[in-house]
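Scroll down for the structure; my scribbles are underneath it.
Everything numeric in this text was worked out from a predicted model, so none of it was measured. First listed ligand is number 1; within each ligand, the first listed atom is number 1.
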Amino acid sequence: TPETRGGGFFGRLFGRGPSEAPVMRRVLDDEMVESLEELLIAADMGVDTSLRVAANMAEGRYGRRVSTREIKELLAAEITRIMEPVAKPLPLYRTTPQVVLVVGVNGSGKTTTIGKLASQFREAGKSVVIAAGDTFRAAAVEQLQIWGDRAGVPVLTAPEGSDPASLAFDAMTKAQADGADLLLIDTAGRLQNRQDLMEELAKIVRVIRKKDPDAPHNTLLVLDATTGQNALQQVEIFRKLADVSGLVMTKLDGTAKGGVLVALADKFGLPIHAIGVGEQIDDLAPFDPEEFAAALTG
Ligand code: GDP
């Protein structure tokens with residue numbers, strides 16, 4: 001809710017309305033630390049991270065009078081400190097094609113992210129091939145073709161219901177023959193049957209390794225930032241299904257739920273390669289910890 005951000009966030013901490021918050025001062029005591037913990041938890045930072053962040057902020061300041069501005073600055077600094085190590089663009093290797101496997105639950109923004117990534121790499125002068133590996137979802141394949149057209153990137157498809165691993169193998173063959181720089185492989189996001197999904201992902205990896213033993217070079221997990229704490233669970237699940245190497249956080253435009261990124265960084269330390277900030281092709285941005293901390297603390 002908007003109350004967990006901006007002036008309201010700190011107004012509550014200081015027991016006054018948002019308009020008075022910037023000038024408020026109060027003694028930092030146990031009660032204040034507890035309120036801070038509650039606010040951080042409400043902002044989706046997760047219990048463990050919230051308690052640690054609040055403790056770090058309070059350290060050496062007990063009994064002192066602090067202002068809302070100081071608290072904001074301390075919090076922004078704590079968040080930046082946690083987020084800086086994970087802010088890493090997708091590493092580009094000399095290997096061609098660099099194979100990027102993209103995983104995540106349906107609706108997380110996988111298709112859109114692949115389209116945006118393809119467009120970005122295309123604009124950077126890279127040749128890109130997309131494999132529409134979610135062969136069970138006709139709508140996803142169609143969407144991916146639309147994104148591919150927009151980005152000017154070929155999209156390899158296979159008949160509905162056919163084996164994604166065989167499509168991935170064909171895509172590897174084509175990407176190698178064409179001398180493509182990057183191959184982006186979409187995958188299914190059906191968590192209803194995890195065993196099936198795990199086998200499907202494992203088979204894709206197995207067959208593309210026949211063509212390049214180091215592939216996939218990256219396994220990107222796409223997470224919807226608006227799902228809050230569910231994002232944490234999804235990391236746990238997908239790390240069991242695939243060798244997740246990095247994250248893309250989508251739907252960070254206009255959400256008050258960005259706090260989950262702090263929990264994710266604190267808990268898993270996986271790189272955040274990019275963030276989705278809208279539905280258009282250019283709405284993919286590098287993750288900037290300071291900007292993020294400033295936005296979150298209002
Ligand atoms: P998939 O099922 O994981 O492939 O998800 P899609 O790529 O189809 O995205 C699901 C919905 O989320 C679509 O309506 C997208 O337009 C939307 N979406 C994806 N990324 C973003 C984002 O960064 N911001 C916003 N606002 N919407 C997004």
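- Looking at Gln176, its side chain never comes within 3.5 Å of a backbone N or O of Thr173 through a donor-acceptor pair.
- An N or O contact shorter than 3.5 Å links Gly109 to ligand 1 by distance.
- Checking side-chain atoms of Ser245 against main-chain N and O of Thr219 turns up a donor-acceptor pair under 3.5 Å.
- Annotation for Ala293 and Thr80: closest pair CB-OG1, 3.3 Å, computed over non-hydrogen atoms.
- A pairwise comparison of heavy atoms in Gly104 and Ser108 identifies C-OG, 4.1 Å as the closest pair.
- Looking at heavy atoms from C-beta onward, Glu38 lies out of side-chain contact with Ile41 at the 4.5 angstrom threshold.
- Remark: the backbone N or O of Gln280 is paired with a side-chain donor or acceptor of Asp283 at under 3.5 angstrom.
- Shortest contact from atom 7 (O) of ligand 1 to any protein heavy atom: Thr112 OG1, 2.5 Å.
- Of the polar atoms of Glu279, at least one N or O is found under 3.5 Å from an N or O of ligand 1, judged by distance alone.
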### Query
When you look at Leu197 and Leu191, which way does the side-chain contact (heavy atoms from CB on, under 4.5 Å) test go after all the steps?
CA-CA 7 Å; Leu197 185 56; Leu191 275 188; 3.9 Å; yes
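- Nearest protein heavy-atom contact of atom 2 (O) of ligand 1 is Gly107 N, 2.6 Å.
- Residue Thr113 has no N or O atom closer than 3.5 Å to an N or O atom of ligand 1.
- Under 4.0 angstrom from ligand 1, there are no non-hydrogen atoms of Gln280.
- Comment: Lys251 does not engage Glu279 in a salt bridge, judged by the lack of any side-chain N to carboxylate O separation of less than 4.0 angstrom.
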Side-chain donor-acceptor contacts of residues 91-99 below 3.5 Å, not counting sequence neighbours, with atom names and distances?
from	atom 1	to	atom 2	distance (Å)
Gln98	OE1	Tyr93	N	2.7
Gln98	NE2	Pro91	O	2.8
Gln98	NE2	Asn218	OD1	2.7

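- With a 4.0 Å heavy-atom cut-off, ligand 1 is reached by the side chain of Lys116 but not by its N, CA, C or O.
- Taking each of Arg137, Lys110, Lys251 in turn, the one with a heavy atom nearest to atom 28 (C) of ligand 1 proves to be Lys251.
- The protein atom (non-hydrogen) at minimum distance from atom 26 (N) of ligand 1 is Asp253 OD2, 2.7 Å.
- Distances between N or O atoms of Thr250 and those of ligand 1 include no value under 3.5 Å.
- Close contacts of ligand 1 with Gly276, meaning ligand atoms under 4.0 Å from a residue heavy atom, involve 23 (O).
- Protein heavy atom in closest approach to atom 22 (C) of ligand 1: Gly278 O, 3.1 Å.
- Proximity of Val277 to ligand 1, defined as any heavy-atom pair under 4.0 Å, is confined to the backbone N, CA, C and O atoms.
- Of the heavy atoms in Thr111, both backbone and side-chain atoms come closer than 4.0 Å to ligand 1.
- With a heavy-atom cut-off of 4.0 Å, Val105 touches ligand 1 through its backbone alone.
- Not counting sequence neighbours, the partners of Gln229 by the side-chain contact (heavy atoms from CB on, under 4.5 Å) test are Asp44, Leu232, Val260.
- Residue contacts with ligand 1 include Ser108, since one or more of its heavy atoms lies under 4.0 Å from the ligand.
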